[in-house]
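All chains are named by letter (A, B, ...) in the order of the sequence lines, taking the proteins before the strands, and each is independently numbered beginning at 1. All values below come from the heavy atoms of this structure, side chains included, with hydrogens, waters and symmetry mates left out.
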Amino acid sequence: MASLKVYIVRRVLLAIPMIFILLSIVFLIMRVAGDPVSAILGGHAPQEQIEQIKQQLGLNKPIIFQFFGYIGQLLRGNLGRSLIWGQRPVVNEIWDHFPATLELSISAFLISIIIGIFTGTVAATHRNRFLDHTFRLYGIITYGLFIPWIGIMLQLLFGVYLGLLPIGGRIGTLMEPKSITGLYVLDSLLTLNFDSLVSAIKHLILPSVTLGVYLSGIYTRLTRTHLMETLEKDFIKAARARGLSERAVIYKHGLKNAFIPILTMMGLQFALLLVGAVLTEITFSWPGMGTLLFERITYRDFTTVQGIIVFFALIVVTVNLLVDIIYAYIDPRIRY
Amino acid sequence: MEALLRIKNLKVYYYLREGVVKAVDGVNFSMRKGETVGLVGESGSGKSTLGLSILKLVPSPGKIVDGQILFDSKDITKLDNKKMRMIRGKQVSMVFQDPMTSLNPLMRIEDHLTETIKTHQKVTQEEAKEKAALLLGEVGIPPERAKDYPHQFSGGMRQRVGIALAIALNPDLLIADEFTSSLDVIVQFQILNLMKKLKASYNMGMIFISHDISLVSEIADKIALMYAGQIVEFAPADAFFEEHLHPYSEALLNSVPNVQLSDQKLSYIPGMPPDLVNPPKGCRFYPRCPYAKDLCREKEPPLIEVKPDYMVKCFRYDEKRS
Amino acid sequence: MVEIKYSPSKFIVSKLKSICPRKGTEYFALIGFIIILSIILMAIFAPFIAPYNPIKKVGGILEEPNGRFILGTDGLGRDIFSRIIFGARTAISVTFLAVIISLSFGVLLGLLSGYIGGKFDSIFSLVMDAIYSFPGLILAIVLSAMLGPGILNTAIAIAVIYTPTYFRMVRGLVLSLKESLFVEAARAIGAKDRTIVFKYIFPNVISSVPIVLSLNAADAVLTLAALSFLGLGLPAPTPDWGFDLKAGHAYLASKIWWPSTFPGLMIVILTLGFSLLGEGINEILTPELRR
Amino acid sequence: MKARRMGIFKVILVILPLVALYLTPATASASKTKPIVLGTTDKITVLDPAKTYDFYTWEVFHNIGEGLLKYKPGTTELMPGIAKSYKVSSDGFEYTFKLREGLKFTDGQPLNAAAVKWSIDRVMRLKLDPSWLVSAFVKRVEVVDNYTVKFVLKKPVSFFPSLVTTTPYIPVSSKSYPADKVAEPTVGHYGPYKIKKWVRDVELVLEANPDYYGPQPKSKLFVVKFYKNAATMRLALETGEIDVAWKSLRPIDIKSLKSKGKQKILEVPGPYIRYIICRCNKPPFDDVRLREAVAAAIDRDRICREAYKGTVKPLYSMVPMGMWSHIDAFKQEYGERNLELAKKLLTEAGYSKENPFEIELWYTPTHYGDLEADVAAIIKESLEETGLIKVTLKSAEWATYAAKYITAGTMPIFLLGWYPDYIDPDDYTTVFLHSKWSPDMGVFYSNPTMDNLLDKARTEIEIKNRTELYKKVQKLMAKEAPVIPLFQGILTAATQPNIEGVILDPVMLLRYYLIYRK
């Protein structure tokens with residue numbers, strides 16, 4: 001396992017240039033147009049005062065100084081402070097919004113995995129028959145679905161016409177559970193707060209179904225292809241020849257083996273989950289990272305946007321790393 | 001003595017987009033308990049399909065379209081999947097060609113065995129483990145390696161595991177499909193010897209499928225030679241090697257380098273095996289047969305019993321008799 | 001002269017012969033193709049198809065679908081059907097522009113990077129990998145917010161996030177082809193680097209592009225729609241499905257469903273067209289998935 | 001088979017409680033002291049009077065804090081706040097305020113003259129966004145005695161009492177706020193309410209401040225719920241989750257709520273105005289005839305009717321309706337709309353059908369709400385109806401628009417909006433029309449007569465004279481048309497039928513402590 005440590009360290013080190021490149025792109029491009037002070041004051045304060053505030057924020061220095069100053073801080077683990085409003089530390093801003101994104105992502109991910117593996121397995125075991133074609137089409141269609149559109153359609157149906165579910169927000173008035181993890185559903189369960197739990201789940205249903213359905217198609221396709229491939233393998237034939245039941249063959253031997261490539265793809269598809277989460281959040285005014293990002297771009301809150309980019313990049317790296325570790329755990333052939 | 005397995009006019013076809021491939025087309029054959037039949041033929045002759053159809057595991061789009069497979073006087077072509085599962089592994093088991101791929105890479109060796117045992121017998125996990133250890137011992141795998149994964153084993157070791165799996169439930173019939181062909185020669189003989197030993201102690205019938213006729217000669221009591229989906233010669237091993245009556249057998253044996261007859265000229269069989277979608281109308285070997293006559297083109301020869309237990313599918317012996 | 005291991009043109013022709021759908025899934029490509037073709041035709045002949053001027057008030061505000069306005073009118077009394085027809089122009093032109101930009105840059109840089117190798121290659125690969133592994137839309141949002149609205153700007157923002165896909169694919173192919181026999185042979189007879197790249201490597205590389213291209217186009221349609229939905233796409237009053245969907249979203253609570261339903265549906269249909277086509281081509285070019 | 005059924009059974013076992021959960025109505029919390037819940041799509045940006053510069057946070061400060069003076073609810077009339085009274089020195093340089101005695105911040109610190117001075121000094125020292133509202137006018141603050149505080153101005157400013165009501169002048173406690181940096185404590189204020197709980201962007205829970213000198217708030221508990229999206233807020237109002245939906249309901253929602261008639265809709269003209277700015281120092285709009293032509297051709301009525309569904313009102317002056325000195329200057333000059341005049345002016349300027357006046361009209365889609373694109377589209381159409389103008393719409397995202405284009409003079413003609421900083425005609429005129437400030441707004445207008453009028457109105461104390469001066473300013477503005485007013489916002493609140501005390505006034509700050517449930 002020592003070699004696994006080496007592997008992790010190497011992967012993390014490789015992430016550094018990636019983050020650096022992304023940051024440079026974002027950093028330079030963001031400064032092309034506009035600045036936060038003007039975006040907020042918008043002509044109200046006298047010009048001299050605007051200049052003065054820019055100076056306080058260090059926005060009047062040459063870009064290259066700003067850039068290396070920022071990188072220097074970043075290397076010390078400091079994401080800096082927001083440039084607008086309260087100049088709150090960017091870490092706090094992210095910390096306030098991340099649990100919402102996490103909660104949405106987790107529930108959407110679970111929904112997509114359940115739907116995806118189920119439909120994919122059915123398709124793979126009904127190769128070239130009606131159910132196979134149906135679920136393949138399902139895979140293609142869901143991938144082409146435009147999240148805001150599905151979201152709006154669900155809002156119309158369940159929110160506006162049927163009035164069953166709220167169409168935005170995370171929880172009802174005065175229902176916020178005591179914060180432990182920041183995930184409302186989990187916190188409500190931990191504090192046994194029944195009202196909060198109901199409210200949190202109600203608010204979570206539409207956004208996570210929207211995102212979950214969108215992502216499920218990918219898992220349908222992945223499961224189908226890889227399970228089909230696996231079911232062609234000799235050891236499946238061998239397992240059948242030993243008299244194992246079809247369920248044992250498909251689930252224990254087939255799906256478990258097919259899961260390895262699916263897992264790798266999950267890591268690669270993780271970026272898609274984040275993208276989907278951003279759109280879902282904006283459609284459902286879900287107070288997460290996507291909403292934060294969009295709001296701060298409009299105000300040219302450079303440091304917060306940069307912070308979010310770094311954070312997203314770190315998440316992507318971490319998840320990929322995690323996938324590799326799980327991969328090594330599931331597949332005895334892999335040892336780093 | 002009652003036949004362990006009797007196959008009557010078996011036809012197994014693959015329904016592909018390009019047409020119907022008649023992989024097994026009217027095979028008749030029978031074997032007794034404890035007997036070893038060497039099923040020999042070129043690749044594509046339908047021998048593997050024949051082997052799989054005894055377990056009813058012909059992969060789709062293949063289908064058993066006609067005929068009977070009587071095992072223990074039950075026609076297994078009529079059995080449903082559930083009943084079939086009770087036979088697979090327990091009464092009829094199989095050892096596969098490639099030991100690399102026929103074991104689940106994510107499962108420990110031991111788990112393969114216990115899973116198989118528990119599928120067919122009501123035993124506890126502990127009992128299954130004990131049995132597994134015993135079996136591994138019998139095939140010559142040290143007990144401490146039971147917890148290893150397949151990829152940690154060499155090819156020969158893996159094939160030993162494959163054998164252990166096949167004999168786990170003391171089956172009446174073992175089908176071994178080219179099970180040594182991916183191993184090097186020395187290991188091949190080790191495994192073959194192990195197999196001989198086990199066969200004797202377990203009193204199993206065995207169908208040994210191979211394209212390597214010299215290997216078959218080591219172990220088989222009887223030889224069944226397949227050509228283009230049909231059995232063309234079926235005879236006791238000794239008699240077969242002595243007489244090899246069918247023109248194809250003759251050509252085949254001539255093409256095999258024989259260590260004893262090192263100065264013998266190595267010949268090969270001219271022409272290609274027939275297209276199984278549209279096989280020749282008459283005798284299937286006719287286009288390549290040096291003795292071919294007009295009759296061979298028109299009519300398919302029957303399987304003729306030239307002497308007790310010796311059958312050949314060729315008009316030359318029909319003439320002899322008549 | 002030089003034996004070419006694998007001839008793309010012959011390969012494609014032989015594959016095209018088998019394109020006529022015979023079984024279930026092969027209809028995918030055909031349906032996809034028909035969808036895209038009709039939307040392209042819709043875009044070209046928009047002025048003849050659309051009953052009204054898409055950017056002029058022609059009826060009452062938010063009229064429900066009726067005889068005069070078959071899909072109803074939007075918040076400014078414009079005909080939604082006409083806006084959808086003209087919206088095809090926006091979608092098609094930005095998508096194609098984005099795909100062409102990313103394709104040309106990706107393929108070119110990939111060829112160069114793969115062929116030249118060394119430091120040049122490492123730097124480019126690193127940059128491309130960085131962009132590739134990052135959630136694309138998020139980068140596109142930042143880019144288009146800074147570049148400002150407009151067809152070209154939006155296309156550029158989208159192109160940036162798809163360039164690495166082509167780059168990686170082409171570079172990978174070049175690296176493997178570089179070692180292959182026919183390039184060695186060409187080098188042996190004294191061909192120039194440029195000749196090798198464009199005459200020998202390029203044609204082999206380009207044959208793998210169609211699948212990726214089609215699937216990328218599907219993604220690009222969605223990305224454009226997303227940018228427009230966030231108000232970062234084209235300036236008003238350009239008919240644009242994503243923007244109209246967002247505008248329609250505002251009326252949702254009043255049970256006014258038509259201004260959001262139809263533009264969104266068009267986005268889904270066009271994406272579906274590209275996905276089906278990509279899937280179909282993929283199936284035809286890689287028959288081992290079939291059987 | 002058995003195994004499969006077990007699987008389904010397990011699934012049912014998991015789903016059943018979830019369904020049960022869902023069906024259980026969430027009523028438990030409703031029976032306790034039922035607070036009034038107000039929904040808004042605004043947000044608290046930063047809870048520090050030295051830094052905050054947006055209407056919503058100012059509104060919060062006017063409920064958890066109080067200035068020396070305040071507006072009488074429903075009017076633009078001033079009344080005493082934490083100061084009992086004030087006097088102005090005869091030269092207009094010194095304002096002396098007499099404070100109420102014995103007041104305490106919510107963190108226990110006494111609210112006295114020293115505390116007021118400390119707060120104002122802090123705003124000036126931090127030099128943050130709204131600090132110019134103090135530092136541009138106040139020279140220093142002096143403590144006369146424990147309950148008397150004196151402001152010495154840089155020069156006489158006739159609207160200083162209005163300035164004093166703004167948030168930077170609201171005192172906070174030196175115990176809770178650090179002297180030299182921004183902070184967001186939930187204690188250390190003094191007003192009718194105090195903060196019980198604040199979850200950023202989620203909710204703000206207020207409870208009555210027992211130490212408040214005046215009458216106690218009508219509702220002991222008051223909750224503000226923050227929405228990201230107006231449609232969600234509207235549905236929350238309809239399901240009864242909130243009692244008041246404040247400000248940002250969309251026109252279509254207001255219309256549909258009105259037609260349903262289940263909720264009360266309250267509307268008053270607000271001080272929020274929208275207008276077009278012409279860049280006056282460069283062609284083409286250095287030609288006054290072209291500015292007049294645009295002013296004459298604009299169809300204000302259509303914008304209000306179609307884009308805003310009647311939730312805004314056409315505006316004919318930069319000084320909003322309802323404010324003293326307002327006159328419909330543009331209406332007097334051009335009428336409601338005068339296409340003929342526009343055509344005549346354009347022809348005079350040398351344009352024709354074949355050679356139309358081509359302009360780029362700019363707007364920003366990301367700052368003034370979803371309807372901005374529609375507004376721009378209508379303006380384009382109404383100008384093109386002259387047949388002599390061809391408009392190309394251009395847009396830029398707000399940050400670019402505000403930071404670069406306005407002051408750089410990139411945009412020849414563009415849409416902008418104004419929320420007042422303080423309630424006085426000065427705040428609506430000087431910044432746009434005075435040659436010293438007009439470049440900051442992208443107007444680049446310079447006219448000595450105008451400068452003179454504005455300067456005079458600034459220092460004149462007598463309100464009657466000031467009114468006359470601002471009328472002249474408006475007339476001159478209409479004639480020269482450097483800025484062209486479009487419409488004035490209407491403040492809207494939708495409430496449940498049993499909610500009373502929602503008093504809307506042109507100050508735009510809602511007073512939560514007056515709201516109650518019948």
Is Val95(B) in contact with chain A via its backbone, its side chain, both, or neither, using a 4.5 Å heavy-atom distance? neither
Atom OH of residue position Tyr202(B) - does it have more than 12 heavy atoms of other residues, nucleotides or ligands inside 6.0 Å? yes
Given a strict heavy-atom distance threshold of 4.5 Å, which part of Ile87(B) is in contact with chain A: side chain, backbone, both, or neither? neither
For Leu106(B), is it the side chain, the backbone, both, or neither that has a heavy atom closer than 4.5 Å to a heavy atom of chain A? both
Pair count under 4.5 Å, heavy atoms only, with chain A: among Val92(B), Leu165(B), Asn81(B), highest is Leu165(B)
What part of Met107(B) gets closer than 4.5 Å to chain A, counting heavy atoms only: side chain, backbone, both or neither? side chain
For Thr280(A) and Tyr214(A), test the side chains for any donor-to-acceptor distance below 3.5 angstrom and give the result as yes or no. no
How about Thr121(A) and Tyr251(A): does a side-chain donor come under 3.5 Å of a side-chain acceptor? no
Looking only at heavy atoms, what is the nearest atom pair of Val277(B) and Gly19(B), with distance? CG1-CA, 4.2 Å
Taking it one step at a time, do Ile7(B) and Leu50(B) satisfy side-chain contact (heavy atoms from CB on, under 4.5 Å)? CA-CA 10 Å; Ile7(B) 293 176; Leu50(B) 182 56; 4.1 Å; yes
Pick from Arg88(B), Lys90(B), Lys56(B), Met84(B) with the largest number of heavy-atom pairs that fall under 4.5 Å of chain A: Arg88(B)
Region of Thr230(A) that comes under 4.5 Å of a non-hydrogen atom in chain B: neither
Measuring only between side-chain heavy atoms, which start at C-beta, is Glu103(A) closer than 4.5 Å to Leu186(A)? no
Salt-bridged, Glu246(A) to Arg240(A), with N to O below 4.0 Å? yes
Could you check whether any side-chain N or O of Arg6(B) sits under 3.5 Å from a backbone N or O of Leu70(B), counting only pairs where one atom can act as donor and the other as acceptor? no
Relative to each other, are the rings of Phe135(A) and Tyr138(A) parallel, tilted or perpendicular (30° and 60° limits)? perpendicular
Between Gln152(B) (side chain only) and Tyr149(B) (backbone N and O only), is there a donor and an acceptor less than 3.5 Å apart? yes
Select one option (side chain, backbone, both, neither) describing which atoms of Ile236(A) are under 4.5 Å from chain B's heavy atoms. neither
Give me the contact list for residues 112-139 of chain B versus chain A, heavy atoms only, anything under 4.5 Å, ordered by residue number. His112(B), Glu115(B), Thr116(B), Thr119(B), His120(B)
